[in-house]
Protein chains: 2
Amino acid sequence: MHKIISQVREKLRSREYKLTPQRQQILEVLLENKDKHLSAEDVYNLVKQKAPDVGIATVYRTLELFLEFDIIHSVNFGDGRKRYEYGEDNEGHHHHHAICVQCGKIIEINEDLLEELEKQVARDYEFDIMDHELKIYGHCQDCRGKK
Amino acid sequence: MHKIISQVREKLRSREYKLTPQRQQILEVLLENKDKHLSAEDVYNLVKQKAPDVGIATVYRTLELFLEFDIIHSVNFGDGRKRYEYGEDNEGHHHHHAICVQCGKIIEINEDLLEELEKQVARDYEFDIMDHELKIYGHCQDCRGKK
DNA sequence: TTAGTTGCAAAAGGTTTGCAACCCA
DNA sequence: TGGGTTGCAAACCTTTTGCAACTAA
């Protein structure tokens with residue numbers, strides 16, 4: 001964790017940006033909730049517990065900054081707000097999500113069986129693929145019975 | 001087209017809803033732009049050309065209604081607005097999109113090579129799949145050179 | 001000093017809602 | 001008549017922006 005924070009500090013410094021206390025708090029929240037798909041407001045509320053004075057604007061600006069540096073990436077589940085996760089989006093580290101339409105639970109799936117389809121798309125449409133995103137909608141284990 | 005309109009009229013009538021002139025105009029716009037991924041505002045502007053008096057609220061309410069009846073479905077490309085397409089979302093009629101990160105072009109892809117992955121998810125997570133949505137990001141034919 | 005950074009409040013988008021008027025079975 | 005429907009405007013929610021104050025190399 002300290003190591004990651006130092007790395008981020010260097011990454012930012014390389015382009016004349018600072019890892020301010022606020023930004024560090026936001027980074028820590030993201031690191032502590034790696035698999036939670038936090039919305040900007042979630043991040044804001046969590047950071048407020050440590051540093052009550054941060055403003056929501058700073059959270060948005062910091063998330064934007066982290067996105068630009070590929071420190072985090074964002075996902076959109078169609079519920080009207082973006083969600084953020086620590087970690088890059090590329091390098092074969094694709095993210096798949098199973099979303100329960102009943103309780104809203106989001107299950108992260110790491111398999112990568114899209115190679116075949118990607119090849120086909122790249123060939124048929126002359127499309128250079130950078131990333132993909134797969135969402136599966138249905139009922140999770142807990143909600144199967146409640147349909 | 002007339003046939004579809006009649007079918008929708010019946011579908012709505014079965015639950016005591018009416019296919020009003022406004023709703024029919026909206027439906028027609030959606031039918032005439034099947035593959036265009038229109039936003040609510042796009043629909044609004046197109047409908048306005050035929051019927052200048054419709055309000056944006058009616059458009060939203062109608063889209064909501066059509067969604068409820070599975071007459072249309074919505075997609076979210078993460079650009080801050082929902083997009084709507086005529087047609088159901090299920091029955092193997094899954095939609096895949098290739099989105100060009102440079103020019104924003106959206107290419108519809110109809111292949112369905114996710115069977116294997118779906119089976120795996122259903123088994124490993126005890127998840128009952130209803131639908132899935134795949135987005136592929138990259139550079140389209142026209143933008144390949146401009147990178 | 002000076003450029004980056006912050007919090008606040010206002011503004012901006014997209015979407016939803018309250019309400020009186022309206023339409024039609 | 002009465003329930004569904006409409007347009008308008010206001011409200012809502014998430015996100016962005018203008019600005020003056022602040023911070024640190």
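Owing to the predicted nature of the structure, the values given are computational and were not obtained by experimental measurement. We use all heavy atoms of the structure for the numbers below, so side chains are in, but hydrogens, waters and symmetry mates are not. Sequence lines set the chain letters: A, B, ... in the order given, protein chains first and strands last, and positions in each chain run from 1.
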Given dG4(C), dT15(D), dT16(C), which nucleotide is nearest the side-chain atoms of Ala40(A)? dT15(D)
Taking only side-chain N and O atoms of Arg81(A), does any of them lie within less than 4.0 angstrom of OP1 or OP2 on dC13(D)? no
What is the distance from CD of Gln24(B) to P of dT6(D), rounded to the nearest Å? 12 Å
How close or far is atom C1' of dA9(C) from atom CD1 of Ile56(A), stated in whole angstroms? 14 Å
Between CG of Leu19(B) and P of dT6(D) the distance, given in whole Å, is 10 Å
Between the side chains of Arg61(A) and Glu64(A), is the shortest nitrogen-to-carboxylate-oxygen separation below 4.0 Å, so that they form an ion pair? no
Could you walk me through whether Tyr17(A) and Phe69(A) satisfy the side-chain contact (heavy atoms from CB on, under 4.5 Å) test, starting with their C-alpha distance in whole Å, then the side-chain angles of each, then the deciding distance to 0.1 Å, before giving a yes or no? CA-CA 11 Å; Tyr17(A) 288 104; Phe69(A) 276 83; 3.6 Å; yes
Nucleotide dG4(C), atom P - distance to CZ of Arg23(A) in whole Å: 11 Å
Minimal non-hydrogen separation, Ser39(A) against Tyr84(A), with atom names: C-CD1, 4.4 Å
May I have the distance from Gln22(A) (atom CD) to dT23(D) (atom C1'), rounded to whole angstrom? 10 Å
Considering only NZ, NE, NH1 and NH2 on the basic side and carboxylate oxygens on the acidic side, decide whether Arg83(A) and Glu85(A) come within less than 4.0 Å. no
First of Ser39(B) and Gly55(A) reached from the 5' end of DNA chain C, by closest nucleotide: Gly55(A)
Measure from the side chain of Tyr60(B), starting at C-beta and using heavy atoms only, and say which of dG4(C), dG7(D), dG14(C) lies closest. dG14(C)
Do the side chain of Arg61(B) and the base of dG7(D) come within less than 3.5 angstrom through a donor-acceptor pair of N or O atoms? yes
Taking only the side-chain heavy atoms of Ala57(B) (C-beta and beyond), determine which of dC8(D), dT5(C), dT6(D) contains the nearest atom. dC8(D)
Kindly point out which of dT6(D), dT6(C), dT15(C) is positioned nearest to the side chain of Thr20(B)? dT6(D)
Taking CG from Asp79(A) and P from dT14(D), how many angstroms apart are they, rounded to a whole number? 9 Å
Round to the nearest Å and state the distance from Tyr84(B) atom OH to dG14(C) atom C1'. 10 Å
Quickly work out the Leu12(B) CG to dT5(D) C1' distance and round it to whole Å. 13 Å
Taking the nucleotide of DNA chain D with the nearest heavy atom to each, does Lys48(B) or Glu16(B) sit closer to the 5' end? Glu16(B)
With a sphere of 6.0 Å drawn around NZ of Lys50(A), does it hold more than 12 non-hydrogen atoms of other residues, nucleotides or ligands? yes
